[in-house]
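Report on the structure given below.
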Amino acid sequence: MNYWLMKSEPNEFSIDDLIKQPAQTEHWDGVRNYQARNMMRDEMKIGDRVFFYHSNCDVPGIVGIMEVVKEGYPDFTAFDPDDKHFDPKSDPKQPRWMMVDVKFIKKLSRTISLKELKQQPELTELSLVRRGNRLSIMPVTKQQWDFILSLE
DNA sequence: GCCAACGTTGGC
DNA sequence: GCCAACGTTGGC
């Protein structure tokens, strides 16, 4: 099993929004970055665990856990001219963007803030805390995963 | 293939 | 709202 972290702006889609979805499952659409796309297309597998991270908000940080329940498939929002994430260059016959489905597992008892994560010597290799890293999806090692959960 | 211009991300 | 960092685009 692999571990991941995925960012979302809570005023766009928060962990509480995920909880409200049917089967507490939602497709993770709108990723328009090739590196992140490749991870969803090639590496994320059913059963993988994912931290839900709230970005661009009062207290950026990890707020919960979800799991991958459907592996990479075309992000259909790219085909919809009315969608915010419409990309005219993504051809349905040869989709440019991919997504996975994720299912809610749990909320953490508290937000583990970015500030706190940055203070941990154990996490200096975590992409999230590295300067200038803006990837919205990133891998987390098992060691990092377990350590982060030990902070809760 | 280089690189300047531009757009986006996201912390602060 | 600012702006640093980074990715993408497109002219050449």
Side-chain angles (χ1 to χ4, degrees), chain A residues 2-21 26-44 48-68 71-141 143-145 147-152:
Chain A
N2 288 315
Y3 300 90
W4 307 91
L5 179 147
M6 302 208 293
K7 297 179 185 174
S8 181
E9 302 190 15
N11 56 2
E12 298 282 332
F13 186 76
S14 72
I15 191 158
D16 291 321
D17 294 326
L18 177 62
I19 291 170
K20 287 183 219 146
Q21 298 308 311
E26 182 62 297
H27 47 268
W28 202 264
D29 63 286
V31 173
R32 298 291 179 267
N33 169 280
Y34 289 105
Q35 219 179 326
R37 186 277 313 265
N38 292 349
M39 284 187 262
M40 290 200 287
R41 185 188 61 191
D42 305 331
E43 297 180 55
M44 297 184 82
D48 282 1
R49 295 298 154 107
V50 185
F51 281 134
F52 196 125
Y53 178 90
H54 280 176
S55 67
N56 217 352
C57 55
D58 284 351
V59 184
I62 294 169
V63 294
I65 298 174
M66 40 194 183
E67 71 175 312
V68 177
E71 295 175 8
Y73 65 106
D75 181 343
F76 51 77
T77 66
F79 310 140
D80 178 0
D82 295 326
D83 194 278
K84 185 182 172 192
H85 301 291
F86 175 60
D87 180 358
K89 292 181 196 147
S90 187
D91 175 355
K93 290 194 226 62
Q94 203 169 2
R96 175 179 293 215
W97 304 114
M98 307 288 279
M99 60 187 176
V100 298
D101 285 0
V102 287
K103 181 180 169 66
F104 173 78
I105 293 184
K106 66 174 281 198
K107 256 172 122 164
L108 299 187
S109 56
R110 66 185 188 87
T111 299
I112 301 176
S113 70
L114 177 63
K115 180 162 183 266
E116 185 176 354
L117 294 169
K118 280 182 168 169
Q119 289 165 354
Q120 309 300 328
E122 289 86 349
L123 298 176
T124 51
E125 298 299 315
L126 183 67
S127 305
L128 183 72
V129 304
R130 304 204 68 124
R131 204 173 69 115
N133 194 298
R134 302 180 325 187
L135 265 185
S136 63
I137 300 178
M138 67 190 71
V140 175
T141 67
Q143 290 78 7
Q144 290 164 342
W145 180 275
F147 179 77
I148 290 167
L149 285 180
S150 79
L151 297 172
E152 184 189 5

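Below, chain A is the first sequence line, B the second, and so on; all start at residue 1.
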Nearest to the side chain of A/Arg96 - B/dG10, B/dC12, C/dT9? C/dT9

What pairs meet the salt bridge (charged side-chain N to carboxylate O under 4.0 Å, His left out) rule with one or both residues in residues 107-123 of chain A, with sequence neighbours excluded? A/Asp16-A/Lys107, A/Arg110-A/Glu116

note: A/Asn33, atom CG; C/dT9, atom C1'; distance rounded to Å ~ 15 Å

Examine the side chains of A/Ser55 and A/Arg134 and answer whether a donor and an acceptor come within less than 3.5 Å of each other. no

When all nucleic acid strands are considered with a 4.0 Å heavy-atom cut-off, which category describes A/Lys115: base, sugar-phosphate, or nothing? nothing

Given DNA chain C, 5'-ward residue of the pair A/Asn56 and A/Asn133, judged by closest heavy atom: A/Asn56

Strictly below 4.0 Å, N to O, side chains only: are A/Asp75 and A/Arg37 in salt-bridge contact? no

Between CE of A/Met138 and P of B/dT9 the distance, given in whole Å, is 14 Å

N or O in side chain of A/Lys7 less than 4.0 angstrom from B/dG10 OP1/OP2: yes

Between atom CG in A/Leu128 and atom P in C/dC6, what is the gap in whole Å? 14 Å

How long is the line joining CG of A/Asp87 and C1' of C/dT8, in whole Å? 12 Å

Expressed in angstrom and rounded to an integer, what is the separation of A/Glu12 atom CD from B/dT8 atom P? 13 Å

Scan for salt bridge (charged side-chain N to carboxylate O under 4.0 Å, His left out) pairs involving residues 78-102 of chain A, sequence neighbours excluded, and state none if there are none. A/Glu12-A/Lys84

Which class fits the ring pair A/Trp145 and A/Tyr3: parallel under 30°, tilted 30 to 60°, perpendicular over 60°? tilted

Between atom CD1 in A/Ile137 and atom P in B/dT9, what is the gap in whole Å? 13 Å

CD of A/Gln119 versus C1' of B/dG11: gap in Å, rounded? 15 Å

So, does A/Lys118 get its side chain near the phosphate of B/dC12, meaning an N or O under 4.0 Å from OP1 or OP2? yes

Between P of C/dG7 and CH2 of A/Trp97, the distance in whole Å: 13 Å

For the base of B/dT8, is there a side-chain donor-acceptor partner from A/Arg134 under 3.5 Å away? yes

Counting only side-chain nitrogens and oxygens, does A/Tyr53 get under 4.0 Å of the OP1 or OP2 atom of B/dG11? yes

